[in-house]
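Have a look at the structure below before the remarks.
Each chain gets a letter, A, B and so on, in the order its sequence line appears, and its residues count up from 1. Just so you know, these numbers come straight off a predicted model, no measurement behind them.
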Protein chains: 2
Amino acid sequence: MTAGSPQEETLTDRVRSAILDGDFVPNQRLVEADVCEQFGAARAAVRETFKELAGEGLVEILRNKGARVRAISREEAVEITEVRMVLEGLSAAKAAERVTPEQATRLREIVGDMREAVAVNDVDRYSELNAALHAEIRAIAGHRTSAAIIERLGAQVVRHKFRLARQPGRAAVSLPQHELIVAAIVARDPEAAQTAMQQHLRSVTKALEAGPT
Amino acid sequence: MTAGSPQEETLTDRVRSAILDGDFVPNQRLVEADVCEQFGAARAAVRETFKELAGEGLVEILRNKGARVRAISREEAVEITEVRMVLEGLSAAKAAERVTPEQATRLREIVGDMREAVAVNDVDRYSELNAALHAEIRAIAGHRTSAAIIERLGAQVVRHKFRLARQPGRAAVSLPQHELIVAAIVARDPEAAQTAMQQHLRSVTKALEAGPT
DNA sequence: TTCGACAATATTATGAACAATCCGTGCGTG
DNA sequence: CACGCACGGATTGTTCATAATATTGTCGAA
């Protein structure tokens, strides 16, 4: 995050990427021997990796039954999103306390781009900017604990997330909310920032619950 | 949490307990061979346990330098508490949506006991009831994701926590806040519950930052 | 045909041995 | 006397072999 040590990519990272990229699908069994061969690693290393990823919630381990890619239910995805949103609210409040003029400018830029993306109906770009905005807010907040949790949870719902961003008219709803959040941060008003982010939360979870089955 | 499977206590649980109980102090090196002998386990198992606990933030692993009990700085403890509190806020809101009359009674009971504990200046009992109240709210909320994170973070700050509860006059400040939270939940008002919990948060973090060095 | 016990197989769990790496120590040299 | 350097002990990282366990398939009897 802060200092990117270029240190060699660990096995855990590679397996995690494989899961996130969809090379392993949810509920797929992860047989140690197979994964060993596939990544050219030893069993022990694979084993440790599974435990580590289990801690991150990406795989689940059943005693004497091995590991499998954890499938995340709709309800769980909603819960995760709820948690992420309150943490983003906290980040927004912190960001409002610490934002510098340069950072404020950057935030305004992103929102401007979002507005434009909505105007031309570019959902991909909007989704991208959405992520960028939230990441920027986290960075400004400088709150490592919440940032770490947010990112970990985000990894768990990659497979669910896309559905939301693509709901028709979704961007039109969330854009003004984002504008409000940024305005509050730029105005250095933590409470308003958090409140704005919270309303954003309610809107998002409502959309999720009303979404496709 | 919900269904306690009596399944035998795993090595990870035992090591975690050891850390939480203070058998291993922060920054203490955890030499694999020693831990092996102490718990009568194989190195591979110990190794996996370390990775797992590292994921939980209780130990940190340095490449080729082994594991040690992670020491949590004051700033980090504050961050963790902030995160816990917003998550408790979320729980409070959810609890307000789902609370049953029986559960409402239980909450009122706890607050009543807290009031009494304050009256007789019993800080231990107050601290205990405080934990019970928050646990009850989490249970009512039925929000497993946030509950899991809250508990994990709680484990990380056990060594810091006690300081806060014992600040003189602390209970007198937090009691009315707790009363407000419970009132909002019982009234089935999610927004008020969350707001009340949030104010509780501000109060707590302020106390933490102003606390002893 | 269907149910249950039993054996075969696949897979994980554990244990022991080996190799790579780090850290402190003592020696030698400028 | 200070600095650098090589060496040795300690510890982790890796690999392979073995035991324990669960799953699956098969056979026989009701």
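Fit an axis to the five pairs at each end of the helix from C:dT1-D:dA30 to C:dG30-D:dC1 and the two axes sit 10° apart, to the nearest 10 degrees.
Checked by atom type, the side-chain pair B:H200/B:S203 shows no donor-acceptor distance below 3.5 Å. Judged by distance alone, the side chains of B:S174 and B:Q177 never bring a donor and an acceptor atom under 3.5 Å apart. For A:Q156 and A:R70, the side-chain atoms include at least one donor-acceptor pair closer than 3.5 Å. A donor and an acceptor atom, one from each side chain of B:E88 and B:S91, are nowhere located under 3.5 Å apart.
When side chains are defined from C-beta on, B:H134 counts as touching B:M197, because their heavy atoms get closer than 4.5 Å. In this structure, the side chains of A:I149 and B:I149 come closer than 4.5 Å at one or more pairs of heavy atoms.
Between A:I61 atom CD1 and D:dA22 atom C1' the separation is 17 Å, expressed in whole Å. D:dA22 atom C1' lies 12 Å from atom CZ of A:R63, rounded to whole Å. Between the CZ atom of B:R47 and the P atom of D:dT11 there is a distance of 14 Å, given to the nearest Å.
Along DNA chain C, read 5' to 3', the first and last nucleotides having any atom under 4.0 Å from a heavy atom of chain A are C:dT11 to C:dT14.
Both B:K65 and A:N64 sit near DNA chain D, but only B:K65 has its closest nucleotide nearer the 5' end.
Contact between A:A104 and A:V186 at its shortest, heavy atoms only, is CB-CG2, 4.0 Å. For the pair B:A93 and B:Q194, the tightest heavy-atom approach, listed with the atom from each and the gap, is CB-OE1, 3.6 Å. In terms of heavy atoms, A:A77 sits closest to A:I72 at N-CG2, 3.8 Å.
Less than 4.0 Å separates DNA chain C from at least one heavy atom of each of the following residues of residues 30-44 of chain A: A:L30, A:V31, A:E32, A:R43.
Within a 6.0 Å sphere centred on CD of A:E97, other residues, nucleotides and ligands contribute more than 12 heavy atoms.
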